[in-house]
Amino acid sequence: MRMSKLFVQTLREFPSDAEVISHKLLVRAGYIRKLSMGIYNFLPLMWRVLKKVENIVREEMDNAGAQELLMPFVQPKELWEESGRWGAYGGELMRLTDRHGREMCLGPTHEEIITAIARDGLKSYKQLPVNLYQIQSKFRDERRPRFGLLRGREFIMKDAYSFDTTQEGLDKEYKNMWNAYTKIFKRCGLDTKAVQSDSGAIGGSVSHEFMVITDTDAGENDVFYCDCGYAANSNHAISDLPMANIKGEWSTPQIIDTPDTHSIEELCDFLKIEPTVIVKSLVYIVDKNPVIALIRADKNVEETKLLNAVGGNEIRIAVAAEIEDIMVQNGFDAEKGFIGPKGLKEYNGVPVKFVADKTVIDMKNFVIGVNQKDKHGVGYNWECKCNSGGSDSTGLIELPETVADIRLVEAGELCPECGKPLKVTRGIEVGNIFQLGTKYSAPMNAVYTDIDGTTKPYIMGCYGIGISRTAAAAVEAHHDENGIKWPLAIAPYHAIVIPVSTKDELQMKVAEDIYKTLVKHGVEAVIDDRDERAGVKFKDADLIGFPYRITVGKGITEGLVEFKTRETGEILNIKPEDAAEIVVTAITKLK
RNA sequence: CGGGAUGUAGCGCAGCUUGGUAGCGCACUUCGCUUGGGACGAAGGGGUCGCACGUUCGAAUCGUGUCAUCCCGACCA
């Protein structure tokens with residue numbers, strides 16, 4: 001490709017609406033342009049990168065025994081009703097109506113379709129196991145798209161689905177996919193960590209996410225890990241707490257004035273206490289139902305854990321107006337900062353549910369909100385057998401029926417497997433593997449006939465890789481102040497040849513010769529034939545991120561050209577005829 | 001969904017307070033000059049100032065509404 005013809009427009013400045021480095025660089029270097037919120041055009045350079053990632057994924061999936069197919073992007077409501085997700089999926093499912101008034105949706109994932117395909121085709125145990133996959137655009141109407149390609153609404157994804165007759169078969173395929181993923185990301189030049197995770201809306205039990213560990217702030221997920229090998233996503237991580245004072249100083253219960261203590265910090269300052277002796281009450285709304293979470297005040301609630309504890313689809317924190325409503329409806333006059341569990345019965349006719357984090361059970365003589373403005377209860381305890389002597393209930397709080405781990409783990413807490421302090425890092429999720437079991441096959445009546453003549457639902461697994469997200473994650477992991485440093489395997493081109501002066505006939509001739517030789521040997525190369533100053537060409541080459549740069553300049557009078565490796569910055573002066581060999585050798589090593 | 005901010009040429013921005021013929025840098029076109037890290041000079045082309053309504057003799061500028069984009073999410077951050 002000749003640079004003068006390549007469809008790419010680099011920008012002198014970063015776009016103003018981009019926040020993370022992969023977004024900034026991909027726009028500035030001319031890879032992508034935004035069309036709408038969370039929706040991007042993939043320009044020719046980007047498309048080359050995406051095809052490279054796709055092909056690596058395709059090769060390894062095929063090697064692992066999976067078969068590629070392609071399912072529709074637009075899907076009928078009926079299948080989603082069969083699985084129960086038409087109602088359950090929420091706002092991320094982009095729904096539309098066709099001219100006949102039929103309701104459809106844009107596919108955010110394809111469990112329903114693939115299960116229907118399997119149901120039609122896989123009738124006998126003799127046909128199983130099977131693993132089917134596709135590489136295709138997905139659409140999720142994200143509440144808040146951001147970070148460019150890392151969290152767009154439309155994105156490219158590889159999704160695979162396995163069908164087995166036994167759990168042992170699923171376990172085997174799960175491991176098979178795990179191994180394939182490890183190879184895929186390694187080939188893409190990415191270091192990944194497989195972490196335990198919550199299975200979320202897709203459902204199922206066992207699941208792992210493959211995370212690219214990155215120093216940049218684009219990592220959306222905190223990954224907690226330990227040298228012993230334990231690693232988990234924040235929505236799944238568990239830990240033991242280090243020793244702390246969890247016994248308050250007040251031995252007799254009383255309600256005291258705590259004016260203007262709207263935050264835990266203010267309350268601690270006022271009472272001169274540690275947050276470890278406060279039980280805070282947080283109001284959540286789960287599918288329109290009120291849920292009060294009780295947790296030690298120095299810790300935070302992990303919303304996914306809380307959601308799993310109460311069951312439901314969507315969880316969010318209550319807004320101030322809702323908290324006010326709850327107070328009024330239960331005969332209180334308090335505001336946020338003074339909320340407590342006692343006396344809260346219902347909200348809009350729905351009983352209030354209470355969930356206590358398991359770490360509050362051992363707390364004694366604690367401080368808690370009592371639904372009175374500018375007041376808190378101190379010296380409170382849980383109402384349980386050990387406290388049965390109390391004649392009046394003042395100072396006793398009923399321990400909720402649901403006691404669960406709803407706590408967000410923090411670095412420094414203790415590894416659940418070996419007891420050493422956990423470490424935290426940011427990760428970008430580029431792939432995931434789930435054991436679905438019969439979550440879709442059972443409700444959709446997707447069954448096969450087993451050897452004994454009985455019909456059984458398939459045991460399913462699903463396995464995703466974000467193709468476009470993987471490319472963006474590669475930029476997060478491989479860049480410097482001058483631009484992108486693509487791993488060779490997924491770079492849009494392997495090398496660029498730069499004649500410093502297009503008016504210098506010798507330079508041009510040597511550059512053209514090198515370029516032709518590279519192309520002849522299967523190297524994907526660009527020659528920068530533009531009549532630009534050398535600085536412009538170097539800046540563009542660095543920004544776009546060609547792994548190798550061959551510069552033909554003044555040195556040619558001594559028979560030498562410059563060979564630069566983008567990743568390391570290493571510069572060699574070599575003979576023109578040696579350039580192709582170096583690049584070809586590097587490319588060969590990729591296979 | 002709630003809160004905040006911003007919409008002026010392809011990109012980045014000024015002008016708005018105090019209404020009076022729409023500007024700057026980059027990019028683009030032509031010419032000259034220059035050629036190892038985003039040169040310089042000259043001359044050009046390109047915008048109904050997000051959209052609608054209103055106030056006014058007159059609106060990018062003031063008011064109302066609307067759409068879009070970005071940032072933030074009750075305790076804690």
Side-chain angles (χ1 to χ4, degrees), chain A residues 8-20 23-24 27-30 33-39 90-91 141-148 217 222 261-268 275 278-285 288 290 292-303 314-327 335-340 357 367-369 376 407-408 410 481-483 498-504 507-508 528 530-544 549-556 560-562 564 569 571 573:
Chain A
V8 60
Q9 296 83 39
T10 57
L11 305 175
R12 190 75 79 99
E13 293 166 90
F14 284 119
S16 65
D17 60 357
E19 196 65 18
V20 299
H23 187 193
K24 287 179 176 175
V27 171
R28 186 172 164 199
R33 291 287 185 264
K34 181 171 65 188
L35 182 63
S36 182
M37 193 209 309
I39 302 176
D141 197 4
E142 294 281 348
R143 184 184 297 252
R144 206 182 138 200
R146 58 190 130 169
F147 302 152
D217 52 7
D222 283 332
T261 54
H262 293 273
S263 69
I264 296 296
E265 193 182 335
E266 287 164 341
L267 184 59
C268 288
I278 304 171
V279 174
K280 65 178 171 182
S281 307
L282 304 176
V283 183
Y284 282 87
I285 305 293
K288 303 202 170 122
I292 310 276
L294 303 173
I295 190 165
R296 216 171 84 180
D298 61 322
K299 298 298 172 188
N300 295 304
V301 167
E302 212 307 303
E303 293 187 2
E314 259 187 303
I315 185 169
R316 63 176 176 81
I317 199 83
V319 298
E322 288 168 326
I323 294 175
E324 265 179 50
D325 281 351
I326 293 173
M327 288 298 110
E335 52 195 56
K336 62 189 180 185
F338 303 98
I339 308 304
D357 182 65
V367 176
I368 193 163
H376 278 85
R407 184 171 49 86
L408 179 66
E410 291 167 22
E481 64 281 5
N482 292 315
I498 297 183
V500 168
S501 170
T502 47
K503 298 221 169 65
D504 183 312
Q507 287 183 21
M508 275 310 283
D528 196 342
R530 295 175 301 170
D531 183 20
E532 290 283 356
R533 296 168 66 87
V536 173
K537 297 183 186 182
F538 292 153
K539 287 287 183 189
D540 275 343
D542 286 350
L543 184 59
I544 292 169
R549 187 182 89 191
I550 297 133
T551 307
V552 184
K554 285 180 191 138
I556 198 59
L560 293 175
V561 298
E562 178 186 288
K564 183 173 180 183
I571 293 175
N573 286 303

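Proteins come first, then strands; the chains are lettered A, B, ... in the order of their sequence lines, and each starts at number 1.
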Does [N] have a Watson-Crick or wobble mate here (both distances under 3.5 Å), and if so which one?
N      : result
B/rU34 : none
B/rC28 : B/rG44
B/rG2  : B/rC72
B/rU64 : B/rA52
B/rA59 : none
B/rA39 : none

Tell me whether the OP1 or OP2 atom of [N] has a side-chain N or O from [X] closer than 4.0 Å.
X        : N      : value
A/Arg533 : B/rA39 : yes
A/Lys539 : B/rG37 : no
A/Ser16  : B/rC13 : yes
A/Arg12  : B/rG12 : no
A/Lys537 : B/rU35 : no
A/Thr502 : B/rU35 : no

Classify the side chain of [X] and the base of [N] as holding, or not holding, a donor-acceptor pair under 3.5 Å.
X        : N      : result
A/Arg28  : B/rG38 : yes
A/Asn482 : B/rG37 : no
A/Glu562 : B/rG36 : yes

Rounded to the nearest Å, what distance is computed from the [atom1] atom of residue [X] to the [atom2] atom of nucleotide [N]?
X        : N      : atom1 : atom2 : answer
A/Lys280 : B/rA77 : NZ    : P     : 9 Å
A/Asp542 : B/rG37 : CG    : C1'   : 8 Å
A/Lys34  : B/rC11 : NZ    : P     : 10 Å
A/Asp528 : B/rU35 : CG    : P     : 18 Å
A/Glu324 : B/rC75 : CD    : C1'   : 16 Å
A/Asp540 : B/rU35 : CG    : P     : 20 Å
A/Ile264 : B/rA77 : CD1   : P     : 10 Å
A/Glu303 : B/rG73 : CD    : P     : 12 Å

Whole-angstrom distance between [N] and [M], as gauged at atom [atom1]:
N      : M      : atom1 : value
B/rG45 : B/rU66 : P     : 41 Å
B/rG12 : B/rG44 : P     : 27 Å
B/rG20 : B/rU61 : C1'   : 11 Å
B/rC16 : B/rC75 : P     : 38 Å
B/rU55 : B/rA43 : C1'   : 43 Å
B/rU6  : B/rU64 : P     : 15 Å
B/rG65 : B/rG3  : P     : 13 Å
B/rC40 : B/rU48 : P     : 30 Å

Output the single nucleotide from [options] whose closest atom is nearest the side chain of [X].
X        : options                : result
A/Glu19  : B/rC71, B/rU35, B/rC11 : B/rC71
A/Leu543 : B/rG36, B/rG38, B/rC11 : B/rG38
A/Arg144 : B/rG73, B/rA77, B/rG38 : B/rG73
A/Met37  : B/rU69, B/rC75, B/rG37 : B/rU69

[X] side-chain N/O to [Y] backbone N/O, donor-acceptor pair under 3.5 Å:
X        : Y        : value
A/Asn300 : A/Leu408 : no
A/Arg296 : A/Ile278 : no
A/Lys280 : A/Lys299 : yes
A/Lys503 : A/Asp531 : no
A/Gln507 : A/Ser501 : yes

What heavy-atom pair brings [X] and [Y] nearest, and what distance separates the two atoms?
X        : Y        : answer
A/Lys537 : A/Val500 : NZ-O, 4.1 Å
A/Ile292 : A/Ser281 : CG2-CB, 4.0 Å
A/Val279 : A/Ile368 : O-CG1, 3.7 Å

Classify [X] by what it touches in the nucleic acid, base, sugar-phosphate, or nothing, heavy-atom distance under 4.0 Å.
X        : answer
A/Asp504 : nothing
A/Lys503 : base
A/Ile339 : nothing
A/Val27  : nothing
A/Glu265 : sugar-phosphate
A/Phe338 : nothing
A/Leu11  : base
A/Arg549 : base

* With nearest nucleotides of RNA chain B determined for A/Thr10 and A/Asn300 from heavy-atom distances, which residue corresponds to the more 5′ nucleotide? ->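 So the residue in question is A/Thr10.
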* To do: Could you say whether A/Asp17 or A/Thr551 is positioned toward the 5' end of RNA chain B, judged by the nucleotide with the nearest heavy atom to each?
  =>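 Per heavy-atom nearest nucleotide, the more 5' residue is A/Thr551.
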* **Within the 6.0 Å centroid threshold, strictly below: A/His23 and A/Phe147** =>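 No, they do not, as the ring centres are separated by 6.0 Å or more.
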